[in-house]
Amino acid sequence: MSHSTVYRICLLIVVILTIIGGIFYYVNYMESQVDVTEGTLVMEDGGERWQRPYI
């Protein structure tokens, strides 16, 4: 085999391992998350401050 073929095979293996490692890291990171906070614009502070008084 020529050197360019060996380099292409090594590069392909590195890319595939990087993708698999990224998927593994993402799955483990998402399992460790307890509360979903992404996409929300509401700050959790108890809410007493924003309630209307009953008249």
Q) Got a sec, which residues hit side chain to side chain donor-acceptor pair (under 3.5 Å) with Ser2, two or more places apart in sequence or on another chain? A) Ser4, Thr5
Q.
Could you work out, with side-chain contact (heavy atoms from CB on, under 4.5 Å) as the rule, every residue matching Ile23, not counting sequence neighbours?
A. Ile19, Val27
(Q) Test of understanding: with side-chain contact (heavy atoms from CB on, under 4.5 Å), list the residues that count as partners of Val6, not counting sequence neighbours. (A) Met1, Cys10
Q: Starting from Leu12, walk the hydrophobic network (Ile, Leu, Val, Met, Phe, Trp, Tyr; side-chain heavy atoms closer than 4.5 Å) and list everyone else you reach, by chain and number.
A: Ile16, Ile20
